[in-house]
Amino acid sequence: MMQASSPKIPLSQRKHPSLRGILLRELIAVGVKASGGDIIALGKKQTPTNDWHPPKGWQLEKFSLPDGANAQFLVPKNCSRMDVAVLQLHGGAYTIGFLPIFQRRSGKLALLAGNVPVLSLDYRVAPEHTYPAALDDAVQALEWLKREKGIPPESVIAIGESAGAGLSLALAMRLRDNNIGSLRALVLMSPWTDLTCNGDSYAIRYLMDPMFGRKFPLPADYMRTSTGELYAGRTSLKDPYVSPVFGDFNNLPPMLIHVGEYEMLYDDAAAVYAKAAAAGVKAEFKVWPGMFHAFHLADALIPEARTAWREIGVFMRSHFAL
């Protein structure tokens, strides 16, 4: 494997997946395989909507950024603080927009983080908008927070899964490199950080992770390099803002990294943790036995996801308290 080797990684307190976790994992595998695609192909069949409404007493402000991306700023009822915020960057391989499942999650994030505002970014996606569109949109979202709400990057926790986690990490690097500031912290769930897709886990765990099809014989592009190229466009897949695992990890904000044991992208997360630890960055890494890519999406169904979200809430609240 070309990525850095990782130090010892702590497992979840649960040594084995729950029966519900196993059942859901295998049901997903059957459903995804029957569809003939993978989780991204299924996601593209959904239509992003703008008809989600927050609970009574919450405030939702929708707006557009200079380059055309849409965003929403959610303020919970009895908001505890207006000097901090969560920046939600959704997943979807940089090719899927702000689906309803991500819209509904914004309310969860507001409560988990201590009843604070959440800015959810519907960043521009490939193939219509290749790199650096999504990263530019994330920077503009932070500029909006500072200009309109008086909330600087230092008071913002960025959170995302898969591509959204990779984008969060790339955003932290770009802020540092351009002396714009530093995020308060990062929450990286099942991060996609190496778009060259060269980690050993892409081959070893492909038939373990139900989210990507488990097809045999293996499809020609089962390692998903073409998806990375779709987002990168003319930019090298090893550019640190495209694949943050190849970047400099010095002076990055504290980060919480979650990954499932069965994830095809396992090595992306492990390499991020290794590089963060080597650079002296305060990083927490949790491996969830038997879990699959982006298992957090199943919080209504399995105990592992519910526990993971509780840990994320503790992490965010503790950093907002600093």
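Values in this document were obtained by computation on a predicted structure and should not be read as measured data.
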message: With heavy-atom distances below 4.5 Å as the criterion, would you say the side chains of Phe73 and Leu145 are in contact?
response: yes
- prompt: Using a distance-only test with no angle check, is there a side-chain donor-acceptor pair under 3.5 angstrom linking Ser18 and Glu304?
  reply: yes
- line: In this structure, NZ of Lys33 is separated from OG of Ser35 (nearest 0.5 Å) by 11.0 Å
- request: Please report the shortest heavy-atom distance between Asp209 and Tyr262, naming the atom on each side.
  value: CB-O, 3.2 Å
message: Pair Leu142, Leu171 - check side chain to side chain contact (heavy atoms under 4.5 Å, CB included), show working.
response: CA-CA 10 Å; Leu142 289 178; Leu171 175 61; 3.8 Å; yes
query: How long is the gap from CZ on Phe285 to OH on Tyr273, to the nearest 0.5 Å?
result: 8.5 Å
Under 3.5 Å donor-acceptor, Asn115 side chain and Lys77 backbone: yes
field: N/O donor-acceptor pair under 3.5 Å between Glu261 side chain and Gly290 backbone
entry: yes
Please tabulate, one pair per line, all N/O donor-acceptor pairs under 3.5 Å involving side-chain atoms of residues 146-156, not counting sequence neighbours.
{"unit_1": "Lys149", "atom_1": "NZ", "unit_2": "Glu61", "atom_2": "OE1", "d": "3.0"}
{"unit_1": "Glu154", "atom_1": "OE2", "unit_2": "Ser182", "atom_2": "N", "d": "3.4"}

query: Hey, what do you get for CD1 (Ile22) to CG (Leu27), rounding to the nearest 0.5 Å?
result: 12.0 Å
task: Go through the steps for Thr130 and Arg234 under the test side chain to side chain contact (heavy atoms under 4.5 Å, CB included), then give the verdict.
output: CA-CA 9 Å; Thr130 58; Arg234 297 181 179 180; over 6 Å; no
- prompt: Short question: side chain of Arg184, backbone of Ala85 - any donor-acceptor pair under 3.5 Å?
  reply: no
statement: Note: Leu237 and Ser243 closest approach over all heavy atoms is O-OG, 2.5 Å
In one Ile/Leu/Val/Met/Phe/Trp/Tyr side-chain cluster, 4.5 Å: Tyr231, Leu169: yes
message: With side chain to side chain donor-acceptor pair (under 3.5 Å) as the criterion, how do Asp268 and Tyr202 come out once you've worked through the C-alpha distance, each side chain's angles and the decisive distance to 0.1 Å?
response: CA-CA 9 Å; Asp268 289 41; Tyr202 282 81; 3.0 Å; yes
task: In plain terms, say whether Arg306 and Asp299 are close enough for a salt bridge, that is, a side-chain N and a carboxylate O under 4.0 Å apart.
output: no
task: Report yes if some heavy atom in the side chain of Leu297 is under 4.5 Å from a heavy atom in the side chain of Ile101; otherwise report no.
output: yes
- prompt: Which heavy-atom pair separates Ser120 from Phe98 by the least distance, and what is that distance?
  reply: CB-CZ, 3.4 Å
field: Residues which pass side-chain hydrogen bond (donor to acceptor under 3.5 Å, both in side chains) with Glu26, listed by chain and number, not counting sequence neighbours
entry: Arg214
field: Nearest atoms (heavy-atom pairs only) where Pro244 meets Phe249
entry: O-CE1, 3.4 Å
field: Nearest-0.5 Å distance that lies between atom CH2 in Trp144 and atom CG in Leu65
entry: 9.0 Å
task: Taking all heavy atoms of Leu230 and all of Thr95, pick out the closest pair and write down the distance.
output: CD2-CG2, 3.8 Å
message: Using side chain to side chain donor-acceptor pair (under 3.5 Å), reason through Tyr123 and Asn70 one step at a time and then give a plain yes or no.
response: CA-CA 7 Å; Tyr123 54 84; Asn70 295 317; over 6 Å; no
Donor-acceptor pairs under 3.5 Å, side chain of residues 251-260 to any protein atom, not counting sequence neighbours: which ones?
{"unit_1": "His258", "atom_1": "ND1", "unit_2": "His296", "atom_2": "NE2", "d": "3.0"}

- request: Report yes or no: is the cationic atom of Arg25 (NZ for Lys, CZ for Arg) closer than 6.0 Å to the six-membered ring centre of Phe292, at no more than 45° off its axis?
  value: no
task: To the nearest 0.5 angstrom, please state how far the CZ atom of Phe295 sits from the CG atom of Leu24.
output: 11.5 Å
- prompt: Can you name the nearest heavy-atom pair linking Ser106 to Val118, along with the distance?
  reply: O-CG2, 3.7 Å
message: Under 4.0 Å between a side-chain nitrogen and a carboxylate oxygen: does that hold for Asp122 and Lys62?
response: no
message: Can you tell me how far apart CG (Leu74) and CG (Leu119) are? Round to the nearest 0.5 Å.
response: 10.0 Å
